[in-house]
Amino acid sequence: MEQGFLMQLLFLVLFLQTMKRLFMQILSEFPCKSTTTAMLSYVLNAMGDNLISVVGANVPQFAGGNIIAGKGPNFVLEADEYDKCFLALAPQIAVVTNVNWDHVDTFPNEEAIKNAFREFVHQIRPGGHLILCGDSPGACDLLVEDQQGIVPDIKRLANAQITNQGYYVTTYGISSKNDWHASSITSNLQGGRDYVLHHKGCPVANISLMLTGDHNVLNSLAVIATITTMFDGKRNMHDTINAISHHLAKFEGVSRRFDFIGKVNGCHIYDDYAHHPAELRALLRAARQKFPSQALWVVFQPHTYSRLAAFMEDFITSFTAADHVIVTEIYAARETDNGNFSGRDLATSIIAPSSEYIPKMDDVIDLLETKLQSSGNQDAIVFTVGAGDITTLGPKLLARLQQSSCSQMAV
Ligand SMILES: *[C@@H]1O[C@H](CO)[C@@H](O)[C@H](O)[C@H]1NC(C)=O
Ligand SMILES: *[C@@H]1O[C@H](CO)[C@@H](O)[C@H](O)[C@H]1NC(C)=O
């Protein structure tokens, strides 16, 4: 009865990497680190758990947008430290992905945010679990105090240590010091990541993700650490890992909305998931409102041949709020090129604004670097847009602009 009453709560504590101004303005659009929550909820649900889940971003694979409306008892919630509202929670399992000082009014300094997180982990229920990214120095600092009383509890749980606060700790990360770690990380043909999963130093499975970036390797390790903890002692660990790995490979990520990548001088870079003409139009209208006088660049990667074909007429008129459009080659996803369409067809059909077809991302970066600099570093907004691997372009462009802006200053 008590178990029925006490809903098992799983909490994700996420850290916003953005400044407060941005956070306040586009709260509902900003995806922060919702991917961890979404990935965990997706995999649990696919494994048959009738969970309730609330994610801070839309998940195209959830029928309910950003929620899964199951019956419980498990409840996965994306919590964040803003306004310390996460301190109202008493989770059974808490996943802490990162602790960094953010420029948020709530926390005047780094110590203040660490204290809030310490308070939070102390609210984990007795016998509960803290799943911690051991690669994050800030996250590891949470344990310094509690660790003095650490004793390995072999009887109750082979996989975790218990702290003097009465909760267990499991770590994950790329580094081999973690309970769960990844090695041999490589890119796969889908543009995602493959790696070898290790538990306590031993290779246990090959993991394949559709999502790109090492941060998604970390997200998947958090999911593995959490679900194996939930099933510990109830299911064979290898069966559990096989099931998790099977579903992880099918997870497509969250919708990226108005995602701030960074700025160099007057140039701001954003990324967005828009891939339907209506979404694109709404995005560019919102961008124009936010940045009325800046030069607005859009790099658009069409997502699938069939969608571009079906909506070609609509796409042609979707870019009018922008000043410059670059169309890349189509992101095929699971389709094959039948030769009927390319990004060029779109680029040449857009009447306004000016548009060009540049199939390769490296060439897009070269071009933008030249154009942005020749415009004398005037304020410019660059949006990378699409549902495919275009999301990798923003960070690369940012790095390139930072490099060239440093070398310019040196001259
Ligand atoms: C990963 O895949 C390789 C090649 O198929 C295989 O030899 C290896 O045993 C696998 N590793 C694990 C840990 O399952
Ligand atoms: C592409 O062209 C082939 C024949 O050339 C046709 O059978 C097919 O339906 C076309 N596909 C689309 C999406 O228009």
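What you are looking at is a predicted structure, and each value in this text was computed from that prediction instead of being measured. Read the numbers this way: they start at 1 and go in the same order the structure lists the ligands and their atoms.
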Among Asp135, Leu221, Thr170, which one satisfies side-chain contact (heavy atoms from CB on, under 4.5 Å) with Asn178? Asp135
Measure up the Tyr42 and His247 rings against each other and bin them: parallel (under 30°), tilted (30 to 60°), perpendicular (over 60°). perpendicular
Within the 3.5 Å criterion, strictly below it, is a donor on Arg193 or Ser187 matched to an acceptor on the partner's side chain? yes
Any chance the side chains of Tyr305 and Ser342 put a donor and an acceptor closer than 3.5 Å? no
Nitrogen or oxygen contacts under 3.5 Å, ligand 1 side and protein side:
unit_1	atom_1	unit_2	atom_2	d
ligand 1	2 (O)	Asn206	ND2	2.2
ligand 1	11 (N)	Asn206	ND2	3.2

side-chain contact (heavy atoms from CB on, under 4.5 Å) partner of Asn216, chosen from Asp214, Asn219, Leu218: Asn219
Take Thr317 and Arg281, measure what side-chain hydrogen bond (donor to acceptor under 3.5 Å, both in side chains) needs, and give me the verdict at the end. CA-CA 8 Å; Thr317 58; Arg281 214 172 267 130; 3.0 Å; yes
